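Reading through the structure tokens given below for one structure.
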Amino acid sequence: MSLFSQSFPPSPTYTEKDVPDLSGKVYLVTGGYSGVGLELCRVLYHKGGRVVIVGRSQESYEAAVEDIKSNPGETKDSKPGSLEFVKVDLVDLTTIKPAIEEFLTTTERLDVAWYNAGVMGPPVGSKTKQNYELQWGTNVVAHFALHSLLTPILTSTASSLSPGSVRAIWVSSIMHTRSPMPYGINFDDVNYASTPSVSSWLTYSQSKAGAVILADEYAKRSVANAPLTQDGKKNHVISISLNPGNLKTNLQRHGSKLQSFFVDWILYPQRNGGLTELYAGLAPETGAEEFNGGYVIPFGRKGKIATHVEKGLTEAGTGKILWEQLEKEVKPYL
Ligand SMILES: NC(=O)c1ccc[n+]([C@@H]2O[C@H](COP(=O)([O-])OP(=O)(O)OC[C@H]3O[C@@H](n4cnc5c(N)ncnc54)[C@H](OP(=O)(O)O)[C@@H]3O)[C@@H](O)[C@H]2O)c1
């Protein structure tokens with residue numbers, strides 16, 4: 001029933017008209033120049049936010065700027081903010097630190113980071129520069145490295161603002177329900193190096209389980225590590241994973257024409273995915289404590305993660321295991 005309702009969801013719950021003036025706030029979106037991320041950035045920009053798009057193509061960024069500036073979408077009374085580009089190629093961990101360090105010299109706050117960029121279904125055997133299976137390396141490892149570099153500014157911004165305003169949003173997918181048994185991650189061989197011909201659907205699904213697991217683990221760490229403010233409070237970053245919905249975007253670029261023919265009719269406009277990400281990052285209700293570590297489903301509702309992934313978190317400690325493994329792996333690049 002839940003899978004059905006995620007595939008054919010009710011209308012978006014949080015839309016442009018619900019978003020307040022975002023002047024003075026800083027937002028970072030990986031993959032913000034296309035698809036779901038583009039729609040999210042459109043709203044953030046026309047509501048006055050400073051929008052930082054992290055991506056690898058200057059050309060795609062410039063096309064997005066033109067598109068966003070000339071088209072406010074459903075935002076009435078646009079109050080333009082600003083757009084900027086931070087060039088990072090998530091397939092190469094060495095590109096993350098220099099670019100993010102430079103960005104960090106330009107800001108004293110970061111209100112929300114959306115870890116949105118992703119790759120799905122590349123040719124079997126595709127790898128990152130550091131030899132990770134492409135989807136694991138891009139969707140999980142690189143975002144973990146990026147998040148490690150952003151954690152201090154997210155933490156300090158959270159400690160100076162009202163509870164629930166600062167958030168880290170990890171973009172997953174309904175496909176995380178198809179991730180490897182028993183707990184979502186094949187810890188023995190996360191890159192499937194010993195079975196390289198494994199379906200890229202399985203490895204994509206595993207990467208999307210990674211997003212859910214990291215969101216849950218960071219939710220706990222963010223509470224535990226929140227600094228005590230001068231007035232004795234401990235405001236922490238809220239961490240949420242989400243399924244943006246099944247959407248018409250470039251994500252299917254590696255699929256065949258035949259696949260597109262059969263799948264297209266169940267896909268929704270990419271704006272709906274943008275609104276789901278907006279709900280997770282900005283809606284007042286998702287800033288509540290019960291959403292920390294939670295999972296948002298299309299197009300802006302609280303959902304439940306897959307039972308086997310949940311079991312891994314609660315019975316096998318997969319959050320801690322994955323976090324510590326990634327910490328070791330990305331350390332040379334931070
Ligand atoms: N569309 C759906 O139905 C759907 C369903 C569930 C979940 N999602 C998730 O939603 C997120 C957004 O996807 P989308 O549908 O909007 O697809 P999209 O239009 O293809 O957007 C993906 C973005 O990720 C960027 N990206 C990929 N590899 C990168 C790299 N190595 N370095 C930097 N950026 C990179 C892409 O940039 P380039 O153009 O430069 O490659 C692009 O901007 C993904 O995490 C996806 O898994 C989508």
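Predicted, not measured: the structure shown is a model, and the values here were computed from it. As a basis for the values below, the full set of heavy atoms in this structure was taken, side chains included, without hydrogen atoms, waters or symmetry mates. Read the numbers this way: they start at 1 and go in the same order the structure lists the ligands and their atoms.
Side chain of Gln206 to main chain of Asn186: a donor-acceptor pair is present (N/O by atom type, distance under 3.5 Å, no hydrogens or angles). A donor-acceptor contact shorter than 3.5 Å links the side chain of Lys208 to the backbone of Val171. Side-chain atoms of Trp114 never come within 3.5 Å of backbone atoms of Leu28 as a donor-acceptor pair (strictly under, hydrogens ignored). Checking side-chain atoms of Asn235 against main-chain N and O of Ser162 turns up no donor-acceptor pair under 3.5 Å. A donor-acceptor pair is defined here as one N or O able to donate and one able to accept, closer than 3.5 Å; no such pair exists between the side chain of Ser172 and the backbone of Val212.
Below 4.0 Å from some heavy atom of Asn246 lie the following atoms of ligand 1, by number and element: 3 (O). Near Gly35, with a cut-off below 4.0 Å to any heavy atom, the atoms of ligand 1 are 16 (O), 19 (O). The distance from ligand 1 to the heavy atoms of Tyr33 drops below 4.0 Å at these ligand atoms: 37 (O), 38 (P), 39 (O), 40 (O), 43 (O). Remark: ligand 1 atoms within the under-4.0 Å shell around heavy atoms of Val91 are 31 (N). Near Asp89, meaning under 4.0 Å from one of its heavy atoms, ligand 1 places the atoms 30 (C), 31 (N), 32 (N). Every atom of ligand 1 with a heavy atom of Val171 under 4.0 Å away is listed here by number and element: 9 (C), 10 (O), 11 (C), 45 (O).
Residue contacts with ligand 1: Val54 is placed with no nitrogen or oxygen under 3.5 Å of a nitrogen or oxygen of the ligand (distance criterion only). Considering backbone and side-chain N/O atoms, Ser60 never comes within less than 3.5 Å of an N/O atom of ligand 1. Considering backbone and side-chain atoms alike, Leu267 places every N or O at 3.5 Å or more from each N or O of ligand 1. Residue-to-ligand polar distances place Arg56 within reach of ligand 1: an N/O pair is separated by less than 3.5 Å. Looking at Gly118 next to ligand 1, an N or O pair under 3.5 Å apart turns up. The shortest N/O to N/O separation between Ser34 and ligand 1 falls below 3.5 Å.
For Tyr204, every heavy-atom contact with ligand 1 shorter than 4.0 Å involves the side chain, none the backbone. Contacts between Val88 and ligand 1, counted as non-hydrogen atom pairs separated by less than 4.0 Å, involve the backbone only.
The shortest heavy-atom distance from Tyr115 to ligand 1 is not under 4.0 Å. In this structure, Leu38 has no heavy atom closer than 4.0 Å to ligand 1. Residue Gly245 places a heavy atom under 4.0 Å from ligand 1. The closest approach between a heavy atom of Met120 and any atom of ligand 1 is not below 4.0 Å. Judged by the shortest distance from any of its heavy atoms, Lys208 lies inside the 4.0 Å radius around the atoms of ligand 1. Residue contact check for ligand 1: Ser172 places a non-hydrogen atom closer than 4.0 Å to it. Residue contact check for ligand 1: Pro244 places a non-hydrogen atom closer than 4.0 Å to it.
Taking the centre and axis of the six-membered ring of Phe291, the NZ or CZ atom of Lys302 falls inside the cone set by 45° and 6.0 Å.
Residue His236 holds its NE2 atom at 11.5 Å from CG of Asn225, rounded to the nearest 0.5 Å.
A salt bridge between Asp67 and Arg42 is present, with a side-chain N of the basic residue lying under 4.0 Å from a carboxylate O of the acidic one. Salt-bridge check for Arg271 with Glu74: failed, with every basic side-chain N at 4.0 Å or more from each acidic carboxylate O. Ion pairing between Arg221 and Glu217 holds under the 4.0 Å rule for side-chain N and carboxylate O.
Checked against a 6.0 Å centroid threshold, the rings of Trp136 and Tyr192 do not count as neighbours. Ring centroids of Tyr115 and His147 are separated by less than 6.0 Å, placing the two rings close together. Aromatic ring centres of Tyr268 and Phe299: separated by under 6.0 Å.
Closest heavy-atom approach to atom 16 (O) of ligand 1 among the candidates Leu90, Leu40, Val36: Val36.
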